[in-house]
Amino acid sequence: MGAVIIGTGSCLPKRVLTNHDLEKIVETNDEWIKSRTGISTRRISGEGEETYHLASSAARKAMEMAEVTADAIDLIIVATMTPHMVMPSTACFVQNEIGANNAFAWDLNAACSGFLYSIDTAAKHVLVDRDKTVLVIGAETLSSRTNWKDRNTCILFGDGAGAAVLRYQDNDRGLIGSKLYSDGSLWKLLYLHSSPSCNPEIEQVDNPGPHMLMAGQEVFKHAVKAMEKAVNELLEKENVSIDDISLMIPHQANIRILKKLMSRLGINQEKVFINVHKYGNTSAASIPIALDEANREGKLKAGDLLLFCSFGGGFTWGAALLKW
Ligand code: COA
């Protein structure tokens, strides 16, 4: 152990889009959305709230809490599937924006599991290079890749960013372990094409455009089973019981997925941090936003065992255990 989170931050766009606002855009209603997803509102980015802006703002707050200056950051990882550009990476935009001139920076795309993959990677960096400081960010502007005519998907997603600063400490705190998985064979159940290629020889004929496409019920079933299995395997590996967990901070996709997961794992809702009703599914940003809210609301005490789990396009999924 020793890869410790020493600061957290988050940033949400100003504009709130309610279920009633969505009633004016597609054929839906507040009651349907709430009962099927648990979502009431989500945040939508406007001018000056691009992915790297949200990411940089979340990063500044995490650095302030960690009492770390920009020039002390050695590595920036931005988990995103909605980068500002394909090149340069959003992490390079963040580096420039916050003035982290000594850092190297890259993006990591593991869809909604991006933050867990990034924390695992960051922890390995600080355990090998013990004087390094790593900034991990999950940031998305999913509203820019949502088909606003598709009621199956446009009700689910929102924008935002969350960040964490990691550093080595010689104690028993930090990331205990993680179990991360991918299954590329199921990609067609949840995907998002990039823009069409300019080279006609490699242009994909089945490209429906740069929008999220999803087989909702299939994704739902896989998400519950996969997260349950990952959590149980991790708990067994680390010799920890579900009753030992102080707080579970899951990816916030849908309240029904979370309720099924809680019931299968045998964990009480009081021990699960939920904010999906406010922000919808913010993909890679959802866990770090929730972590920062829990932290700032005083819900985390030194020595607490935190359990994270996620599921997303790819498919990608996993779980992580951390001593706060
Ligand atoms: N408003 C009103 N009706 C809607 C609707 C909306 N926004 N979206 C779909 N419907 C309709 C469907 O057209 C269908 O109508 P029909 O019975 O006349 O054909 C009916 O509601 C039921 O649709 P269905 O897709 O079976 O609903 P569901 O209970 O599976 O809920 C999801 C749909 C998307 C909310 C649910 O499948 C889900 O949450 N899946 C997981 C999504 C997710 O979390 N993805 C990201 C993972 S990281």
Side-chain angles (χ1 to χ4, degrees), residues 17-42 79-82 109-117 138-143 145-160 162 180-184 186-192 211-231 249-262 264 272 274-290 308-319:
L17 188 75
T18 66
N19 292 346
H20 294 295
D21 295 330
L22 279 165
E23 288 171 2
K24 294 172 203 145
I25 302 172
V26 286
E27 204 181 318
T28 190
N29 60 76
D30 178 52
E31 200 278 325
W32 194 97
I33 301 174
K34 269 198 212 142
S35 63
R36 305 278 176 133
T37 71
I39 301 166
S40 296
T41 59
R42 70 285 291 145
T80 186
M81 61 169 176
T82 50
N109 180 353
C112 303
S113 303
F115 189 77
L116 283 199
Y117 278 41
E140 305 280 11
T141 46
L142 294 163
S143 61
R145 321 289 155 98
T146 297
N147 180 354
W148 289 99
K149 292 184 179 139
D150 177 11
R151 68 177 181 172
N152 290 301
T153 52
C154 75
I155 57 156
L156 296 172
F157 301 104
D159 303 338
L180 303 173
Y181 304 86
S182 309
D183 184 353
L186 298 170
W187 71 269
K188 276 201 174 168
L189 297 176
L190 179 59
Y191 66 97
L192 167 55
H211 297 135
M212 195 101 61
L213 281 157
M214 182 183 68
Q217 286 190 2
E218 286 299 312
V219 172
F220 191 109
K221 282 185 242 161
H222 280 284
V224 175
K225 275 194 215 144
M227 285 192 283
E228 179 195 7
K229 193 161 176 279
V231 166
I249 304 183
H251 168 50
Q252 312 280 319
N254 178 319
I255 193 68
R256 283 164 54 226
I257 291 180
L258 295 183
K259 283 196 167 152
K260 274 219 153 60
L261 183 63
M262 287 182 249
R264 285 180 181 224
V272 181
I274 295 172
N275 63 7
V276 68
H277 54 288
K278 292 193 286 186
Y279 308 132
N281 180 347
T282 58
S283 186
S286 95
I287 288 180
I289 292 171
F308 302 93
C309 60
S310 68
F311 183 87
F315 286 148
T316 59
W317 69 98

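Indexing begins at 1, ligand by ligand and atom by atom, following the structure's order. Everything numeric here is computed off the predicted structure, so don't read it as measured data.
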Could you give the side-chain donor-acceptor pairs of residues 149-157 under 3.5 Å, partners two or more places apart or in another chain?
{"residue": "D150", "atom": "OD1", "partner": "N152", "partner atom": "N", "Å": "3.0"}
{"residue": "D150", "atom": "OD1", "partner": "N152", "partner atom": "ND2", "Å": "3.3"}
{"residue": "D150", "atom": "OD2", "partner": "T153", "partner atom": "OG1", "Å": "3.0"}
{"residue": "R151", "atom": "NH1", "partner": "E27", "partner atom": "O", "Å": "3.0"}
{"residue": "T153", "atom": "OG1", "partner": "D150", "partner atom": "O", "Å": "3.4"}

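- Ligand 1 places these atoms under 4.0 Å from at least one heavy atom of V219: 45 (N), 47 (C).
- For ligand 1, the atoms closer than 4.0 angstrom to any heavy atom of C112 are 48 (S).
- With ligand atoms numbered from 1 in the order given, ligand 1 contributes 46 (C), 48 (S) to contacts under 4.0 Å with heavy atoms of N281.
- Taking distance alone, with nitrogen or oxygen atoms compared against 3.5 Å, R36 approaches ligand 1 more closely than that limit.
- For atom 11 (C) of ligand 1, the nearest non-hydrogen atom of the protein is R151 NH2, 3.6 Å.
- Scanning the protein for heavy atoms near atom 10 (N) of ligand 1, the closest one is W32 CZ2, 3.4 Å.
- Within the 4.5 Å cutoff, the side chain of D159 has heavy atoms near those of the L142 side chain.
- Looking at ligand 1, you won't find any N or O of N29 less than 3.5 Å from one of its N or O atoms.
- Applying the 4.0 Å criterion to heavy atoms of N254 picks out, from ligand 1, the atoms 38 (C), 39 (O).
- In this structure, atom 25 (O) of ligand 1 lies nearest to the protein heavy atom Q217 NE2, 4.2 Å.
- Atoms of ligand 1 lying under 4.0 Å from at least one heavy atom of T37, given by number and element, are 35 (C).
- Not counting sequence neighbours, D183 has no partner by the salt bridge (charged side-chain N to carboxylate O under 4.0 Å, His left out) test.
- Where the criterion is an N or O separation shorter than 3.5 Å, residue side chain and backbone included, G216 meets it with respect to ligand 1.
- The atoms of ligand 1 that sit less than 4.0 Å from any heavy atom of A253 are 44 (O).
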